[in-house]
Amino acid sequence: MSLEAAVAVPFRQSGKDRLGEGEFVVALSLDRDWFSPDQAKRLVDVAQGRGLVAVEDGDLVPQFDPGEVSVPENFVPDESILREQSAFERALDAVVAAGIDKQEAVAAINERQRTLAISLEAAAVVYAREHGVDVDALAKTVREELLAAGDEASEETA
């Protein structure tokens with residue numbers, strides 16, 4: 001995944017297991033010239049949203065082992081990683097990464113959404129789990145979104 005690789009590189013480059021946000025931004029914008037400083041800050045937000053980094057005592061701390069991430073020699077991340085993916089897109093990416101055909105997965109997810117009368121995101125999580133794909137963190141996010149949506153709907157009808 002290119003987002004994970006882009007996040008891993010500053011930690012690998014520095015040899016540290018935590019970086020200040022400024023160090024992280026400099027590594028991506030000035031050292032690597034991959035992004036503008038504003039885009040690198042956006043990458044921090046996206047990475048936090050995806051659970052790839054956490055902020056501890058003001059530092060960014062990876063929530064995965066950066067040394068375990070495969071980063072091709074001439075790797076340059078695409079700007080599309082700065083866009084926050086929906087839960088459906090993240091689940092679909094995980095399923096495809098596990099070797100399942102994308103069109104087959106989308107068709108099956110749509111079928112589950114229809115037959116189970118659930119959200120597309122929930123259907124994608126169900127499908128991923130049925131195929132042994134680890135989407136536990138994503139499942140938690142989808143559950144929280146569904147609960148929040150339910151709370152909002154309850155408030156509107158009250």
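Because the structure is predicted, anything quoted here is derived from the model rather than measured.
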Would Val61 and Val55 satisfy side-chain contact (heavy atoms from CB on, under 4.5 Å), going step by step from the backbone distance to the final call? CA-CA 6 Å; Val61 179; Val55 177; over 6 Å; no
Would the distance check show the side chain of [X] and the main-chain N or O of [Y] forming a donor-acceptor pair, the cut-off being under 3.5 Å?
X: Gln103; Y: Asp101; answer: no
X: Gln48; Y: Asp45; answer: no
X: Arg42; Y: Asp38; answer: no

Kindly compute the distance separating [atom1] ([X]) from [atom2] ([Y]), expressed to the nearest 0.5 Å.
X: Leu116; Y: Glu111; atom1: CG; atom2: CD; value: 9.0 Å
X: Ile81; Y: Leu43; atom1: CD1; atom2: CG; value: 5.0 Å
X: Asp33; Y: Leu28; atom1: CG; atom2: CG; value: 11.0 Å
X: Ile118; Y: Arg112; atom1: CD1; atom2: CZ; value: 9.0 Å
X: Lys41; Y: Leu82; atom1: NZ; atom2: CG; value: 14.0 Å
X: Arg18; Y: Glu56; atom1: CZ; atom2: CD; value: 5.5 Å

Checklist entry - Checking side-chain contact (heavy atoms from CB on, under 4.5 Å) for the pair Glu4/Leu52: CA distance, chi angles, key distance, verdict? => result CA-CA 7 Å; Glu4 196 171 57; Leu52 295 175; 3.9 Å; yes
In the structure I gave you, are the side-chain heavy atoms of [X] and [Y] within less than 4.5 Å of one another anywhere?
X: Arg143; Y: Leu147; result: yes
X: Pro62; Y: Val7; result: no
X: Val53; Y: Gln63; result: no

For the student: nearest non-hydrogen atoms of [X] and [Y], plus distance:
X: Gln13; Y: Ala27; value: NE2-CB, 4.1 Å
X: Phe35; Y: Ala40; value: CB-N, 3.9 Å
X: Ala108; Y: Tyr127; value: CB-CE1, 3.3 Å
X: Ile109; Y: Leu92; value: CD1-CD1, 4.4 Å
X: Ser29; Y: Ser36; value: CB-C, 3.8 Å
X: Ala6; Y: Pro10; value: O-CD, 3.1 Å

* Asked: Taking atom types as modelled, is there a side-chain donor on Asp78 or Ser80 under 3.5 Å from an acceptor on the other?
  ->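 Distance-only check passes for Asp78 and Ser80.
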Under 4.5 Å between side-chain heavy atoms, hopping through other hydrophobics if needed: is there a path connecting [X] to [Y]?
X: Val96; Y: Leu120; value: yes
X: Phe88; Y: Ile100; value: yes
X: Val46; Y: Leu60; value: yes

Requested in this report: Show your reasoning for whether salt bridge (Lys or Arg N to Asp or Glu O under 4.0 Å) applies to Arg129 and Asp136.
Outcome: CA-CA 9 Å; Arg129 284 189 164 170; Asp136 289 348; 3.1 Å; yes
Exercise for the section: Please work out which of the three classes, parallel, tilted or perpendicular, describes the rings of Phe11 and Phe24, given edges at 30° and 60°. Expected result: tilted
Between Val71 and Arg12, does the side-chain contact (heavy atoms from CB on, under 4.5 Å) criterion hold? Intermediate values first, please.
CA-CA 10 Å; Val71 181; Arg12 288 168 61 154; 3.4 Å; yes
Practice item. Determine, for Arg90 against Glu121, whether the closest basic-nitrogen to carboxylate-oxygen distance falls under 4.0 angstrom. Key: no
Checklist entry - Would you say Glu144 has more than 12 foreign heavy atoms packed within less than 6.0 Å of its CD? => result yes
